[in-house]
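Here is how names work: the chains are called A, B, and so on, in the same order as the sequence lines, proteins then strands, and each is numbered from 1.
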Number of protein chains: 2
Amino acid sequence: MTDDRRSGCPINLTLEVVGDKWSLLIIRDMMFGNRRHFRELLTKSEEGISSNILADRLKTLLEAGIITREDDPSHKQKGIYSLTEQGIELLPILAQMAAWGYKYLPVSEELGIRARLLSEGGPKMWAEFMDELRQTHLGHVRRKKGLSVGERLQAAYERVAKRNDPA
Amino acid sequence: MTDDRRSGCPINLTLEVVGDKWSLLIIRDMMFGNRRHFRELLTKSEEGISSNILADRLKTLLEAGIITREDDPSHKQKGIYSLTEQGIELLPILAQMAAWGYKYLPVSEELGIRARLLSEGGPKMWAEFMDELRQTHLGHVRRKKGLSVGERLQAAYERVAKRNDPA
DNA sequence: GCCAACCGATTGCAATTTGCAACTGGTTGC
DNA sequence: GCAACCAGTTGCAAATTGCAATCGGTTGGC
């Protein structure tokens, strides 16, 4: 971890932290797929990250203060990774990326549905989702009123996935 | 240019196109610094990109339909790079990155002022700025009423830069 | 017409990063 | 006690990055 920066530009600094091909995908899986353990992130990812890269990125994200790690009381070896407030606030970047990719790139139907809903929901829905993430990752109390944004996104995904693969 | 994708997820696809350390910085310079020639992008960048990387990224961005290149009538060797509509619509991603970096990373004062204004301006200001980019890059007519967003950002930057280095 | 400065790249090469596969040392459940 | 699972680590090859020098051509000044 050398801390020589190319410049003090906020966009550049952000890219130096999360501007690689994997970090934001890990964040995405933590946010939308609720992956919290190493194995979950390793095996349940669409893209198939390898374990050394995952370990390296988790370390980097830890050092950057984007995630935290604590021991899982149910299993001595398991660690639970959580997003920090700083990590949760990466959501708008992911949402904009999802919207742009949905509009211009050959997105698959199952994986695109969440992007569409999130894009249509706009900043208001993002804020709501970030509040839910604060509850699950920072231990804030949950106020419970109907389906959460996370649940709605997941349900929409499963509907499309099941429709396309009714096996 | 192999087109095997890791997954059809919109975020992943977006990262495969612009998820490296340089592409978005080039877009940033085209948007905020109005760099349109190879030399300008090469020498006037804060971070000091090297020429082979720049050439490679410009080629990639061309193939992805994010920028276009046309000959400069004033110089047979010069090319003018322009953003496409698709490229202009990367602005919200850059704006969110700027806002996040401004909030959480050690941004320099000069380079941070634009991020602050852009963040405070919100989606409305982004839309206005994107309209201006359509004018300069896509040749849309300019309706002229007061200072443009680009001019305001530039003026703010120069005020801070001059204050900090009154040489 | 000549030459220096500038133009958009390209090339060779070393250093870094990535990615795969196998493996480690340990824990848990049956 | 043993198979399955856990979070990583290691060795090594391949790909990417980054620097410096260079290329062939264009332009402006004289």
Side-chain angles (χ1 to χ4, degrees), chain A residues 1-7 12 15-26 29-30 33-64 67-82, chain B residues 1-7 12 15-26 29-30 33-64 67-82:
Chain A
M1 194 68 173
T2 55
D3 58 287
D4 51 326
R5 308 177 187 91
R6 295 186 298 189
S7 86
N12 174 57
L15 285 170
E16 296 206 7
V17 178
V18 293
D20 69 281
K21 293 248 195 283
W22 289 111
S23 297
L24 286 178
L25 294 182
I26 295 170
D29 284 346
M30 290 182 72
N34 199 35
R35 318 255 188 270
R36 308 290 292 274
H37 304 293
F38 190 92
R39 275 296 134 162
E40 286 181 325
L41 288 164
L42 185 67
T43 59
K44 294 185 188 168
S45 123
E46 282 287 326
E47 292 85 10
I49 190 171
S50 46
S51 58
N52 54 344
I53 311 267
L54 176 58
D56 180 81
R57 290 306 180 281
L58 287 173
K59 197 167 61 177
T60 307
L61 291 172
L62 271 169
E63 285 168 359
I67 60 175
T68 55
R69 194 209 127 110
E70 39 187 338
D71 292 333
D72 185 334
S74 80
H75 190 301
K76 274 180 186 155
Q77 271 180 316
K78 270 186 176 171
I80 302 182
Y81 291 98
S82 301
Chain B
M1 194 64 174
T2 53
D3 57 287
D4 52 325
R5 307 176 188 93
R6 294 184 300 188
S7 85
N12 174 57
L15 285 170
E16 296 205 9
V17 178
V18 295
D20 69 279
K21 291 245 193 287
W22 289 110
S23 297
L24 286 177
L25 293 181
I26 295 170
D29 284 348
M30 290 183 72
N34 200 34
R35 317 257 189 269
R36 307 290 294 273
H37 304 292
F38 190 93
R39 275 295 137 166
E40 285 181 326
L41 288 164
L42 185 66
T43 59
K44 293 184 186 169
S45 121
E46 281 287 329
E47 291 85 10
I49 191 171
S50 46
S51 59
N52 53 346
I53 310 268
L54 176 58
D56 180 80
R57 291 305 181 282
L58 287 173
K59 198 166 60 176
T60 306
L61 292 172
L62 271 169
E63 286 167 358
I67 60 175
T68 55
R69 193 210 128 111
E70 38 187 339
D71 293 334
D72 185 334
S74 80
H75 190 301
K76 276 182 185 156
Q77 272 182 315
K78 271 185 176 172
I80 302 181
Y81 292 97
S82 301

*Kindly say whether Pro73(A) contributes a backbone atom to a donor-acceptor pair with the side chain of Asp71(A) at under 3.5 angstrom?*
no
*Run the salt-bridge test on Asp20(B) and Arg57(B) with the 4.0 Å N-O cut-off and return the result as yes or no.*
yes
*Check the distance between dA15(D)'s C1' and Asp20(B)'s CG and give it to me in whole angstrom.*
14 Å
*Between Arg69(B) and Lys21(A), who's closer to the 5' end of DNA chain C by nearest nucleotide?*
Arg69(B)
*Round to a whole Å and report the spacing from CG of Leu15(A) to P of dT17(D).*
14 Å
*Look only at the side chain of Ser45(B) and the backbone of Glu47(B), and say whether a donor-acceptor pair between them is shorter than 3.5 Å.*
yes
*Heavy atoms of chain B, cut-off under 4.0 Å: which first and last nucleotide of DNA chain C, 5' to 3', fall inside that, if you could look?*
dC7(C) to dG12(C)
*If you look at every strand shown and take non-hydrogen atoms under 4.0 Å, does Arg6(A) touch a base, only sugar-phosphate, or nothing?*
nothing
*asked:* Return the CH2 to CZ distance between Trp22(B) and Arg6(A), rounded to the nearest 0.5 Å.
replied: 4.0 Å
*Result of checking Asp56(A), Leu58(A), Leu62(A) against Thr60(A) for side-chain contact (heavy atoms from CB on, under 4.5 Å)*: Asp56(A)
*For the atom pair CZ (Phe38(B)) and CZ (Arg69(B)), what is the distance rounded to the nearest 0.5 Å?*
10.0 Å
Taking only nitrogen or oxygen atoms into account, show me every contact under 3.5 Å that the protein makes with nucleotides 25-27 of chain D, one pair per line with its distance.
unit_1, atom_1, unit_2, atom_2, d
dG25(D), N2, Gln77(B), OE1, 2.8
dG25(D), N3, Gln77(B), OE1, 3.3
dG25(D), N3, Gln77(B), NE2, 3.3
dT26(D), O4', Gln77(B), OE1, 3.2
dT27(D), OP1, Lys76(B), N, 2.8

*In Å and rounded to the nearest 0.5 Å, what is the CG to CE distance from Leu25(B) to Met30(B)?*
13.5 Å
_Taking side-chain contact (heavy atoms from CB on, under 4.5 Å) as the criterion, tell me which of Asp29(B), Leu41(B), Ile80(B) meets it with Arg36(B)._
Ile80(B)
*What integer distance in Å separates Leu62(A):CG from dA7(D):C1'?*
13 Å
_SB check Arg5(A) Glu16(A) (cutoff 4.0 Å)_ = no
*Starting from C1' on dC6(D), measure out to CD on Glu40(A) and report it in whole angstrom.*
12 Å
*Can you tell me the distance, in whole Å, between the NZ atom of Lys78(A) and the C1' atom of dA4(D)?*
12 Å
_Looking at His37(B) and Arg39(B), would you say the former's side chain and the latter's main chain have a donor-acceptor pair under 3.5 Å?_
no
_N or O in side chain of Arg57(B) less than 4.0 angstrom from dT17(D) OP1/OP2_ = yes
_DNA chain C-proximal residues of residues 44-56 of chain A, any heavy atom under 4.0 Å_ = Ser50(A), Ser51(A), Asn52(A), Ile53(A)
*Side chains of Leu42(B) and Ile49(B) in contact at under 4.5 Å (non-hydrogen atoms)*: yes
